[in-house]
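Structure first, commentary second.
Computed from a predicted structure; not experimentally measured. In what follows, every chain begins at residue 1, and chains take the letters A, B, ... in the order their sequences are listed.
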Amino acid sequence: MIVRIKAFARFREIIGSENTLDLDEGTPVLGALKNLSAGSKDFRDACFDREGTIASHVVLMINGKRISGRDRESMVLHDGDELAIFPPVAGG
Amino acid sequence: MIVRIKAFARFREIIGSENTLDLDEGTPVLGALKNLSAGSKDFRDACFDREGTIASHVVLMINGKRISGRDRESMVLHDGDELAIFPPVAGG
Amino acid sequence: MIRLQQDDFNVTTLVEAAKSRETGAIVTFIGIVRDDGIECMELEAYHEVAERELAVIRDEAMKEFPLHSVDIIHRTGPLRVGDNIVLIVVSAGHRKEAFLGCEYIIDRLKQTVPIWKKEYLKDSSRWVGGEERHGHS
Amino acid sequence: MIRLQQDDFNVTTLVEAAKSRETGAIVTFIGIVRDDGIECMELEAYHEVAERELAVIRDEAMKEFPLHSVDIIHRTGPLRVGDNIVLIVVSAGHRKEAFLGCEYIIDRLKQTVPIWKKEYLKDSSRWVGGEERHGHS
């Protein structure tokens, strides 16, 4: 299945604004992020804390909806989904 | 002595925006207002309540400074003073 | 700038003039003639005293809150529904104080500044009472 | 109107457009690039989601307070010190709700709308953290 990754701010600077991943059906968010980390140590360092869990300040959205709690790792992605990753917002 | 009377809003409509009174030295505010009332029943009705005291909603200023409490009746006017009379303010 | 004037004001111009390099937030309040069944209104002021009171309020606000600038323009004369009555422009480093300062100023203005409004209805007219009565906003 | 745009906005034009016959008060908030030792900044947004979140905030504000209209324009792209970042225009019958509504909107905007700022200093650059960190206002 194809999942689009949108990255903003310093995540965009590391992996570019838009990536397309070809993942196995049923891959969860964590799987997609690990896939991206495999290609970029900088991305891994920005996304994960020292314990290997997604850093608390990282914001994740699937199709424009924020995901929180356990969903941040385990929510399953579907073909055509847009997964967005970015740091805390600072508009206004 | 000469005292200028500035009137605003409905007081202006009754006695005009500016009047000059020639009063005895030592005349208090009450004396000036009674002097004006003598010439206009409408002014008297607007300025005084039924007990003959200055109505509580009437605002008075001498030379641009609000006078309150007992001063509203007893403060003594001086030659060249500007006594202003108006209803509650409603700007903004 | 503190001013009573018949002419309308331009909000953009005053906002731009209020900026300094330290400005991060500008809050403006615009009071407008509301249609309370009226045709038009006439504003009257005790000019010298009103301008002096507005300056006092500006000074109070700048003492109370860390503001960079305060401008108040209040119109007088005949106004129609939809016309601007008053503009307050408050600039500050941060938004909290800009909001607090701006609201403080309009609240005080309505309490103390000698300005009056006469509303003209279809067949009659009336003087608007002070705040807590028929205040427009 | 809810809009993310590169271009600047005209406050006067939006204030005039916000008026109806029932409008008695308009409060505006303008966020401005403040000189925190920076040369300029670049604003980036998750466009579709940011505009949708702004519309959600507008709807929340209009549900919470008796407002007549809410307009939010947020700029993106390169901005210099003194440039406008965001404009919020809130119209209402009375001033209290206009102030409350406007402050509610900018508070929420800073919490939830996916927009980021990169500040360029003389020899370096930095991403601005979220509210309660180095927020500009």
Side-chain angles (χ1 to χ4, degrees), chain B residues 2-21 29 32-33 36-37 40-49 54-69 71-72 75 77-92, chain C residues 2-4 29-34 36 41-57 72-77 79 84-88 102-119 125-137:
Chain B
I2 301 296
V3 171
R4 273 186 309 142
I5 308 293
K6 286 238 186 187
F8 297 95
R10 65 195 173 87
F11 292 98
R12 174 186 54 74
E13 291 180 327
I14 298 170
I15 59 166
S17 61
E18 197 151 341
N19 284 268
T20 304
L21 294 184
V29 172
L33 297 178
L36 290 162
S37 294
S40 164
K41 183 180 177 309
D42 285 347
F43 180 83
R44 192 185 65 207
D45 291 347
C47 185
F48 294 94
D49 59 22
I54 301 168
S56 60
H57 61 268
V58 172
V59 184
L60 296 166
M61 283 186 171
I62 294 178
N63 301 327
K65 293 229 166 70
R66 212 171 275 239
I67 51 177
S68 57
D71 285 346
R72 285 160 56 85
M75 187 169 267
L77 295 163
H78 298 95
D79 188 49
D81 275 355
E82 176 173 297
L83 173 65
I85 179 164
F86 48 82
V89 302
Chain C
I2 298 287
R3 194 145 73 192
L4 261 71
F29 172 81
I30 302 144
I32 297 151
V33 180
R34 192 179 56 218
D36 288 336
M41 61 165 59
E42 177 98 24
L43 276 90
E44 178 177 336
Y46 187 178
H47 261 260
E48 320 83 84
V49 177
E51 290 196 338
R52 209 183 56 209
E53 291 264 357
L54 289 175
V56 167
I57 293 170
I72 312 173
I73 300 183
H74 203 299
R75 295 179 71 189
T76 59
L79 297 176
N84 296 326
I85 300 173
V86 61
L87 170 66
I88 299 170
C102 192
E103 197 164 8
Y104 174 89
I105 290 163
I106 183 61
D107 286 352
R108 293 283 291 141
L109 188 158
K110 285 177 171 275
Q111 291 163 0
T112 68
V113 181
I115 299 175
W116 303 270
K117 297 193 191 92
K118 187 167 193 173
E119 294 180 340
S125 63
R126 64 188 177 209
W127 285 99
V128 176
E131 184 81 287
E132 308 310 313
R133 297 218 253 167
H134 333 277
H136 90 288
S137 71

- [ ] Kindly compute the distance separating CD (C/Glu53) from CZ (B/Arg66), expressed to the nearest 0.5 Å.
- [x] 6.5 Å

- [ ] Kindly assign one of parallel, tilted or perpendicular to the pair C/Trp116 and B/Phe8, based on the angle between their ring planes and the thresholds 30° and 60°.
- [x] parallel

Open item on the list: What part of C/Ala45 gets within 4.5 angstrom of chain B, counting heavy atoms only: side chain, backbone, both, or neither?
Closed with: backbone

Open item on the list: Can you tell me how far apart CZ (B/Arg12) and OH (C/Tyr46) are? Round to the nearest 0.5 Å.
Closed with: 14.5 Å

Task: C/Pro114 side chain reached by B/Phe86 side chain, heavy atoms, under 4.5 Å - done: yes

Task: Heavy-atom closest pair, residues B/Val89 and C/Val113 - done: CB-O, 3.1 Å

Open item on the list: Please classify the contact of C/Arg75 with chain B as side chain, backbone, both or neither, using a heavy-atom distance under 4.5 Å.
Closed with: neither

TODO: Sort C/Glu48 into side chain, backbone, both or neither according to what part of it lies under 4.5 angstrom from a heavy atom of chain B.
DONE: side chain

TODO: Provide the closest heavy-atom pair for C/Ile106 versus B/Gly92 in the form atom of the first, atom of the second, distance.
DONE: CD1-CA, 4.1 Å

Task: Minimum-distance pair of heavy atoms, taken over all atoms of B/Ala90 and C/Gly129 - done: CB-O, 3.4 Å

Task: Where C/Arg52 and B/Lys65 come nearest, the two heavy atoms and their spacing - done: NH2-N, 4.3 Å

